[in-house]
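What you see is a predicted model, and the numbers here were worked out from it, not measured in a lab. Residue numbers start at 1 and run along the sequence shown.
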Amino acid sequence: MTLSQRPDRNLALELVRVTESAALAASKWVGRGDKKAADGAAVDAMRNLLDTVNMDGIVVIGEGEKDEAPMLFNGEKVGNGSKPLTDVAVDPIDGTTLTSLGRGNALSVLAVAERGSMFNPGPCVYMEKIAVATVAANAIDLNATPTKNLKEIAKATKKSLNDLVVVVLERPRHDDLIAEIRTCGCRIHLISDGDIFGAIAAASPHVGVDVLMGIGGTPEGVTAAAALKSLGGQILGRLWPRDDVERKAAISAGYDLSQVLTVDDLVSGDDVFFAATGVTDGELLRGVRYDSYGARSQSLVMRSRSGTIRVIDTQHRADRIGQYSSAEFR
């Protein structure tokens with residue numbers, strides 16, 4: 001193979017260093033009841049390492065106005081300024097509350113795609129979502145009822161309705177949805193936070209979950225779509241304004257609130273990189289653990305063009321962990 005024929009580098013293998021650093025910084029705050037401190041440590045660590053990545057990136061999905069983020073905000077430039085030109089989605093901790101309470105499935109997440117390929121949700125913080133694995137990618141319809149979708153997913157996966165497991169965020173807005181799912185006879189996996197995990201779990205063959213349903217964060221939907229591009233799953237979304245002010249702002253900005261967005265609408269690029277590192281133990285990844293050497297982390301690393309999915313176990317030496325974040329640990 002000549003040099004010109006060799007594939008370019010897998011940027012995801014650089015990104016995993018970034019999610020590892022954020023997870024390590026956040027892990028010091030697990031169970032301490034201070035989600036702002038945990039998030040601040042993760043943001044600080046992620047920002048520091050992002051500047052070493054070989055890319056010219058713009059944050060499209062960032063910490064956002066709701067977090068009043070001083071770093072990793074939408075529009076911020078990241079990377080060392082070299083090619084390629086990229087869009088970047090960051091979630092230093094998907095599940096800050098999970099981290100602060102010491103609960104499972106908190107992740108540090110980062111996705112990168114070609115410049116101009118990531119959907120910018122504008123003023124819309126939430127969206128209706130349904131996410132599934134490859135086998136059911138053509139079976140779902142956001143305009144259909146939950147019952148209809150569940151029946152089609154069961155048919156596609158060759159399962160009975162009683163065997164389907166549905167991930168739903170535990171929110172009052174989902175009371176009717178939960179009741180309908182139970183009427184169908186399906187099992188429910190309620191999560192208190194972290195619907196990036198929920199979407200990836202639905203698309204993964206190893207977690208034991210069949211579908212994510214409900215209303216969750218739009219930034220999380222775009223970030224999850226980057227992962228599903230590699231996994232081969234499907235996520236459908238429709239913007240869900242919280243009130244008339246947000247609805248008018250979205251319409252004024254040119255958003256079609258009736259449009260059903262597919263995984264390719266949310267991330268349209270052909271070369272998408274995704275990395276996630278466990279902060280706390282969960283069904284998808286093991287969280288950061290400390291031992292006599294230092295710490296161990298587990299990460300998921302994916303690239304859509306090659307279809308490669310890697311699980312990486314890393315050991316971190318104790319005297320080097322503190323360099324990831326300037327946060328003070330007690």
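- The closest side-chain heavy-atom distance from N120 to Y255 is below 4.5 Å.
- With no hydrogens or angles considered, a side-chain donor-acceptor pair links N54 and N80 at under 3.5 Å.
- Between V18 and V90, the closest side-chain pair of non-hydrogen atoms is not below 4.5 Å.
- Formation of a donor-acceptor pair under 3.5 Å by the S204 side chain with backbone atoms of A201 is not found in this model.
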Practice problem: Go through the steps to decide whether T262 and Q234 satisfy the test side-chain hydrogen bond (donor to acceptor under 3.5 Å, both in side chains), and finish with yes or no. | Solution: CA-CA 7 Å; T262 69; Q234 179 63 276; 4.9 Å; no
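- Within the 4.5 Å cutoff, the side chain of F274 has heavy atoms near those of the V109 side chain.
- By the 6.0 Å contact criterion, NZ on K159 is enclosed, its count of non-hydrogen atoms from other residues, nucleotides or ligands being greater than 12.
- R47 and D51 are joined by a salt bridge, as a carboxylate oxygen and a charged side-chain nitrogen come within less than 4.0 angstrom of each other.
- A chain of hydrophobic side-chain contacts below 4.5 Å, direct or via other Ile, Leu, Val, Met, Phe, Trp or Tyr residues, connects V168 to L161.
- Put simply, the side chain of R17 reaches to within 4.5 Å of the side chain of T52, judged on heavy atoms.
- No more than 12 heavy atoms of other residues, nucleotides or ligands lie within 6.0 Å of CG in D176, so this atom counts as exposed by the packing criterion.
- Contact between G216 and D195 at its shortest, heavy atoms only, is CA-OD2, 3.3 Å.
- Remark: D291 engages R296 in a salt bridge, criterion side-chain N to carboxylate O under 4.0 Å.
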Practice problem: Apply side chain to side chain contact (heavy atoms under 4.5 Å, CB included) to V53 and V78, showing your working. | Solution: CA-CA 8 Å; V53 176; V78 293; over 6 Å; no
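- In summary, the side chains of S160 and N162 do not present any donor paired with an acceptor at a separation below 3.5 Å, with no hydrogens or angles considered.
- Among L190, D193, D175, the one residue that satisfies the side chain to side chain contact (heavy atoms under 4.5 Å, CB included) test with E170 is L190.
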Quiz prompt | Derivation of the side chain to side chain contact (heavy atoms under 4.5 Å, CB included) call for D56 and R115 | solution = CA-CA 9 Å; D56 183 348; R115 177 69 56 83; 3.7 Å; yes
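- Between V288 and V30, every side-chain heavy-atom pair lies at or beyond the 4.5 Å cut-off.
- Put simply, the side chain of I200 reaches to within 4.5 Å of the side chain of L231, judged on heavy atoms.
- Salt bridge status for K229 with D264: present, with a side-chain N to carboxylate O gap under 4.0 Å.
- Taking 4.5 Å as the limit, every side-chain heavy atom of I215 sits out of range of all side-chain heavy atoms of L177.
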Practice problem: Evaluate the criterion side chain to side chain contact (heavy atoms under 4.5 Å, CB included) for residue pair D313 and R286; output intermediate values, then yes/no. | Solution: CA-CA 9 Å; D313 290 291; R286 190 175 62 242; 2.8 Å; yes
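- In this structure, the side chains of N105 and R103 stay at 4.5 Å or more apart for every pair of heavy atoms.
- Under 4.0 Å is where a charged nitrogen must lie from a carboxylate oxygen, and between R303 and D271 at least one such pair does.
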